[in-house]
Amino acid sequence: MQPNSQSDPHSPASVSGWGCAKVILVGEHFVVHGAPALALPLDSVGTRVTLRTADEGKSRLELPEAAKSDKSKEVVDRAFAILGLSDRRHDWNVGVESTVPLGQGLGSSASYGLALLRALAEAIDRPLSCEQLSEHAYEIEKIFHGRPSGVDNTVIAYEIPVIFSANEGIDLLRQVTLPRLILASTGTAGSTQDAVAKVRQHRQENTRRFRALCDEAKAITESCASLLQTKFGSDMGREMGKHLDHSHRLLQEVGVSTIELDCLVDTARNAGAYGAKLTGAGFGGFMLAAIDP
Ligand code: PMV
């Protein structure tokens, strides 16, 4: 569809695209170093990008206050360029609305990138496969995060649980049973790039131990994946909880947890959760716990 306001100037044609958020169940950070991560789409929050026909030469970019940054603007230019639309950049006003907390590990940047790409694909009537969307969104993720693993754009493009490994590719988990999970926020944001740099430094200083941690992370992801694909009954949450606890210990060891995150994790456990961990890059953001349904 081509946006076209000529038929009714009061109701300009508009198209929109949506990108959900995501939760990393297990494997974050170690995924940057080759281990697999297991991520889930989170569709109760997300980003909507709306494109409306612009007045000639006067296109606007409307961003939520918290997301106003040069990077957010660069992303729009990049998305147009990726789809070969640079010369049409000023044909559309771009409006962004998001309910994803920024910098809290729920994939706000990938959610934005995917919403924008979907809106553009809709505007030029060029359907993109999940694989194409994910590849393009990865290019956008690089603007925000340097050299991300690719887990966020993958799970948000496919919108189903995935095992993601930079070395071994992706495994789409179409039939899974999830335990009851809850999320709680520390209310503070952390920089993914800083957290990734911290882990990289930890790896340099503890090479052999880090290799062992990667192996443990891999084993946790594999166990969680088989747990989700087995009809496990009521013990599933309990089993999952053990893996979440283990995963949190690994993330603590590489230095990306915080007092607030540890406090939330302990609070969840003390309140009866089967297990809990930080989710995403850490240095703030969300805690994830498996609980009794
Ligand atoms: O930016 P976040 O908090 O959604 O986390 C991304 C996950 C990391 O493993 C920390 C980084 C990556 O590139 O995979």
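Both ligands and their constituent atoms are indexed starting at 1 by order of listing. Heavy atoms only: backbone and side chains are in, while hydrogens, waters and symmetry mates are out.
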Note the single closest protein heavy atom to [atom], along with its residue, its atom name and the distance in Å.
atom                    : value
atom 1 (O) of ligand 1  : Thr192 OG1, 2.6 Å
atom 8 (C) of ligand 1  : His29 N, 4.0 Å
atom 13 (O) of ligand 1 : Ser149 N, 2.7 Å
atom 11 (C) of ligand 1 : Val32 CG2, 3.9 Å
atom 4 (O) of ligand 1  : Lys22 NZ, 2.4 Å
atom 3 (O) of ligand 1  : Ala281 N, 2.8 Å
atom 7 (C) of ligand 1  : Ile24 CD1, 3.6 Å

[X] bridged to [Y] by N-O distance under 4.0 Å:
X      : Y      : answer
Glu141 : Arg78  : no
Lys242 : Asp245 : no
Arg269 : Asp266 : yes
Glu253 : Arg249 : no
Asp292 : Arg180 : no

Assess the pair Tyr158 and Phe164: is the distance between their ring centroids shorter than 6.0 Å?
no

Checking contacts here: is it the side chain or the backbone of Gln104 that comes within 4.0 Å of ligand 1, counting heavy atoms only? Could be both or neither.
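The answer is neither; Gln104 stays 4.0 Å or more away.
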
Is there a nitrogen or oxygen of Arg147 sitting under 3.5 Å from a nitrogen or oxygen of ligand 1?
no

